[in-house]
Amino acid sequence: MSWHADDEDLRGYARGTLAAPRLWSVETHLAACADCRAALSAHVPPAEISAGWARLEAALDAPRPGPVESSLIRLGVADHTARLLAATPVLRRSWLGAVVLTLLLAVGVGLAASPLMLLATAPLLPLAGVAVSFGPGLDPTYETAVVAPMHTFRLLMVRAVAVLATTTALSALASLALPSYGLAALGWLLPALALTATGVALTARLGPVLAPVLVGAGWTALVVLSRLLASGTPLPFTAQGQGAAAGIAVLASVLLVAARDRFDSGCAQGPSLRSLRRSRSL
């Protein structure tokens with residue numbers, strides 16, 4: 001460098017009082033001159049330098065939101081809620097891929113023979129999704145989510161809605177691939193709501209894994225038995241069965257709201273999670 005910024009200019013630059021065009025000249029020069037950058041540090045208080053490095057380290061270490069989290073934030077979802085939703089296992093490619101493959105298999109069977117596989121399988125997908133999204137040993141963010149500054153009931157509801165929205169959309173697309181069956185191809189919708197609401201309501205007493213397992217086993221047994229005992233449409237997909245599913249969904253939702261305080265009392269969590277919640281409240 002044939003010239004260097006004079007000391008007065010560096011002092012004004014450090015204090016933020018240097019005016020253009022000298023400001024632009026000094027700033028451009030500092031980018032290429034190590035000697036002037038070293039001289040500039042003499043005009044900046046050590047505390048401000050430390051604070052600047054701390055802000056830089058915080059910005060570099062801060063987690064960058066992924067595409068799902070960024071989309072949720074743009075839609076108006078709060079930052080902390082968007083982060084918990086983005087960490088939901090059912091929004092990951094592995095889970096979505098498994099759901100898509102299951103639905104494709106069901107659609108293939110429906111095109112070849114009967115839509116029964118789609119009708120029987122689609123209601124189990126959101127039920128399994130809730131278990132995966134809030135079950136110890138299944139959700140890698142389980143302990144982090146449970147001790148987050150959010151009521152357990154609300155967290156469970158947020159993730160249950162995410163599961164329902166995702167699986168319902170994919171199942172609806174699968175139903176569109178079976179146009180010859182008309183509205184009958186949507187016979188899985190009310191049972192899906194009933195099974196999910198029942199599984200979540202029982203989670204307060206049985207836990208986030210056992211509850212959906214029992215509900216799913218009961219549904220499978222009902223479909224198989226009704227198929228074996230009836231020559232026509234299995235009972236869950238008749239008008240009476242659809243009405244019963246709607247009633248169960250409403251009843252389970254009422255019971256779920258009534259038992260919402262149990263989710264924060266620790267009954268649906270393991271001992272280690274209860275201790276974590278107690279330590280957070282101290």
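- Although no hydrogens or angles enter the test, the distance criterion places no donor-acceptor pair under 3.5 Å between the side chain of Thr238 and the main chain of Pro234.
- Under the 4.5 Å side-chain heavy-atom criterion for Ile, Leu, Val, Met, Phe, Trp and Tyr, Leu186 and Leu195 are members of the same hydrophobic cluster.
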request  = For Thr121 and Trp188, run side-chain hydrogen bond (donor to acceptor under 3.5 Å, both in side chains): C-alpha distance rounded to whole Å, both residues' side-chain angles, the deciding distance at 0.1 Å, then the answer.
outcome  = CA-CA 8 Å; Thr121 302; Trp188 51 267; over 6 Å; no
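- A salt bridge links Asp6 to Arg22: one of the charged nitrogens lies within less than 4.0 Å of a carboxylate oxygen.
- The salt bridge (charged side-chain N to carboxylate O under 4.0 Å, His left out) check on Arg37 picks up nothing, with sequence neighbours excluded.
- Dense packing is recorded around CG of Leu228, with more than 12 heavy atoms of other residues, nucleotides or ligands lying under 6.0 Å away.
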If you look only at distance, which donor and acceptor atoms sit under 3.5 Å apart when one is on a side chain in residues 212-224 and the other is two or more places apart or in another chain?
unit_1 : atom_1 : unit_2 : atom_2 : d
Trp219 : NE1    : Ala120 : O      : 2.9
Thr220 : OG1    : Gly216 : O      : 2.9

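- By the 4.5 Å heavy-atom criterion applied to side chains, Pro126 and Thr168 are not counted as neighbours.
- Summarising the geometry of Leu103 relative to Ala174, their closest heavy-atom pair is CB-CB, 4.1 Å, with the distance given to 0.1 Å.
- Hydrophobic clustering places Leu10 together with Trp24 (ILVMFWY residues linked when any side-chain heavy atoms are closer than 4.5 Å, directly or through intermediates).
- Taking CG of Leu118 as the reference point, atom OG1 of Thr102 lies at 11.0 Å (rounded to 0.5 Å).
- Residues that satisfy the side-chain hydrogen bond (donor to acceptor under 3.5 Å, both in side chains) test with Ser171, not counting sequence neighbours, are absent from this structure.
- A heavy-atom distance below 4.5 Å is found between the side chains of Leu111 and Val107.
- We find the CD-CG distance between Gln240 and Leu235 to be 7.5 Å, quoted to the nearest 0.5 Å.
- Annotation: side chain of Val109 is not in contact with side chain of Ser114 (no heavy-atom distance under 4.5 Å).
- Of all heavy-atom pairs between Ala192 and Thr196, the closest is O-OG1, 2.8 Å.
- Here Arg227 contributes atom CZ and Thr233 contributes atom OG1; the two are 8.5 Å apart, rounded to the nearest 0.5 Å.
- Between Leu30 atom CG and Leu40 atom CG the span is 5.5 Å, to the nearest 0.5 Å.
- Here the straight-line distance linking atom CG of Leu119 with atom CG of Leu178 works out to 8.5 Å at 0.5 Å rounding.
- A distance-only check finds a donor-acceptor pair linking the side chain of Tyr181 to the backbone of Gly110 [under 3.5 Å].
- When side chains are defined from C-beta on, Met157 counts as touching Val200, because their heavy atoms get closer than 4.5 Å.
- Considering every non-hydrogen atom in both Ala249 and Ser253, the closest pair reads O-OG, 2.8 Å.
- When atom types are taken as modelled, the side chain of Arg205 and the backbone of Leu202 share no donor-acceptor pair closer than 3.5 angstrom.
- Linking Ile, Leu, Val, Met, Phe, Trp and Tyr whenever their side-chain heavy atoms come within less than 4.5 Å puts Leu104 and Leu170 in one cluster.
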request  = Show your reasoning for whether side chain to side chain contact (heavy atoms under 4.5 Å, CB included) applies to Leu255 and Thr198.
outcome  = CA-CA 9 Å; Leu255 295 176; Thr198 303; over 6 Å; no
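- Side-chain contact check for Pro191 versus Gln242: some heavy-atom pair is nearer than 4.5 Å.
- Interatomic distance, CG of Leu189 versus CG of Leu183, reported as 11.5 Å (0.5 Å rounding).
- The closest side-chain heavy-atom distance from Arg15 to His43 is not below 4.5 Å.
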